[in-house]
Amino acid sequence: MARREKSGIIAWLLDRMSDWAIGLLTKPIKSYALHIPNDIAALKRHIRKGDVILVEGNERVSECIKYLTQSSWSHSALYVGDEPIRRNPEMRAPLVAQFGEEANFLMVEAIVEAGVVLTPLAKYRDFNIRVCRPFNLSAADLAEVMDEAIRSVGDTYDLRNVIDLARYFLPVSLVPPRFRRQALQFGSGEPTRVICSSVIASSFNRVKFPIVPNYQQLPPPAAASPKRKLWPIGSKTTGALQYGTLRMVSPTLITPRDFDLSPYFEIIKFNIIENMRFDYHKILWADAAPPAPVKKGA
């Protein structure tokens, strides 16, 4: 009995310490700056289901992730639109009650304090974001990606190991480059999805859609072998083809940066450039000299 009580006290202390750590790590940073205001109306017109939204976060843990991945992007979400409502009409009432009209523009994302949740696209109105679109993803495979992502809603992180959270309070600059990806993972025995991108990567991994696969170039004799599954890199017109093999990378090792660098995702410009209204000649620069006054009678 005494052992049970002691175990219960330890579990309670770990929960309280985890809550304290999460509160500090998710506290917004005052110095965050939005580079260019987002046109959410334009974003809603151009975004498609299956697009990945990259976010430059404004929390302490965001700064750690950005440093460890050497990237501006610390968070990612998968756009699913109105799929949760279409697939489960019973969800319409609670989602509309929670988000209003935004219930038709939903994302699946994993956040430290709540696990995998549905959130409205407008949540990141005041953040620096980028939209990445999987190139040539078939409708059937897109449906499977949606299935996997929506199925993950409700999953929670295993945060009982406070040591895993403590690493984000240490100077991340001390982490050697070769260990930075591993530093983003928790040490739990459960397949927890510490980085939000792991949830998205698992969804694309279901249909074998590549993000940043490992590519190994093969010498010409090996490339000529018909028994190997090879991938050509280069141009057929110039005859400069190189062949190699591709291997999928574990979803737990995928970071938000990888969607930005992936050759299999397009970058979607949804603001001024997308609408073809951009003209740099019309920019009113703050430091530009005011026009000279026109003299009357001149």
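Side-chain atoms of Glu109 and Thr119 form a donor-acceptor pair, as typed in the model, at a separation below 3.5 Å.
In this structure, Ile129 and Phe270 have side chains that are in contact, with non-hydrogen atoms separated by less than 4.5 Å. Taking 4.5 Å as the limit, every side-chain heavy atom of Ile200 sits out of range of all side-chain heavy atoms of Ile211. Asp51 places a side-chain heavy atom less than 4.5 Å from the side chain of Pro134. The closest side-chain heavy-atom distance from Val117 to Val153 is not below 4.5 Å. Proximity of His75 to Tyr124: side-chain heavy atoms (C-beta onward) are separated by under 4.5 Å at one or more points. A heavy-atom distance below 4.5 Å is not found between the side chains of Arg247 and Pro213. With contacts defined as side-chain heavy-atom distances shorter than 4.5 Å, the pair Phe127/Glu56 does not qualify. With a 4.5 Å cut-off on side-chain heavy atoms, Leu118 and Pro84 count as touching.
When all heavy atoms are compared, the tightest approach of Ile36 to Asn128 is N-OD1, 4.3 Å. Of all the heavy atoms in Val145 and Phe204, the pair that sits closest is CG2-CD2, 4.0 Å. Residues Ser76 and Val52 share a closest heavy-atom pair of CB-CG1, 4.2 Å. Shortest non-hydrogen contact noted between Arg133 and His46 is NH2-O, 2.7 Å. In plain terms, the two heavy atoms of Ser152 and Ala149 that are nearest each other are OG-O, 2.5 Å. Nearest approach of Leu78 to Gly50, heavy atoms of both residues: CD1-O, 3.5 Å.
The side-chain contact (heavy atoms from CB on, under 4.5 Å) search around Leu261 returns Arg257, not counting sequence neighbours. Under the ring pair (Phe, Tyr, Trp, His ring centres under 6.0 Å) criterion, Phe259 pairs with Phe265, sequence neighbours left out. Residues satisfying the salt bridge (charged side-chain N to carboxylate O under 4.0 Å, His left out) criterion with Lys49, sequence neighbours excluded, are Asp82, Glu83. Taking Asn205 as the reference, Met248, Pro251 meet the side-chain contact (heavy atoms from CB on, under 4.5 Å) condition, with sequence neighbours excluded.
Here the CD-CZ distance, from Glu148 to Arg206, works out to 5.0 Å after rounding to the nearest 0.5 Å. Between atom CD of residue Glu144 and atom CZ of residue Arg151 there is a gap of 9.0 Å, rounded to the nearest 0.5 Å. With rounding to the nearest 0.5 Å, the separation of CG in Leu43 from CD1 in Ile40 is 5.0 Å. Here Arg92 contributes atom CZ and Ile85 contributes atom CD1; the two are 5.0 Å apart, rounded to the nearest 0.5 Å.
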Please determine whether side chain to side chain contact (heavy atoms under 4.5 Å, CB included) holds for the pair Ile53 and Val55, giving the CA-CA distance in whole Å, both sets of side-chain angles, and the decisive distance to 0.1 Å.
CA-CA 6 Å; Ile53 300 98; Val55 183; 4.2 Å; yes
Given the rule in the side chain to side chain contact (heavy atoms under 4.5 Å, CB included) test, do Ile268 and Ile47 qualify, once you have shown the distances and angles that lead to the verdict?
CA-CA 8 Å; Ile268 306 301; Ile47 199 165; over 6 Å; no
Side-chain donor-acceptor pairs of residues 96-107 under 3.5 Å, sequence neighbours excluded:
unit_1 : atom_1 : unit_2 : atom_2 : d
Glu102 : OE1    : Lys44  : NZ     : 3.2
Glu102 : OE2    : Lys44  : NZ     : 2.7

Side-chain donor-acceptor pairs of residues 135-142 under 3.5 Å, sequence neighbours excluded:
unit_1 : atom_1 : unit_2 : atom_2 : d
Ser138 : OG     : Asp141 : N      : 3.2
Ser138 : OG     : Asp141 : OD2    : 3.3

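When atom types are taken as modelled, the side chain of Asn38 and the backbone of Arg125 share a donor-acceptor pair closer than 3.5 angstrom.
Annotation for Arg48: atom CZ does not count as buried by contact number, only 12 or fewer foreign heavy atoms lying within 6.0 Å. For Arg87, the CZ atom is densely surrounded, since the number of other residues' heavy atoms within 6.0 Å is greater than 12.
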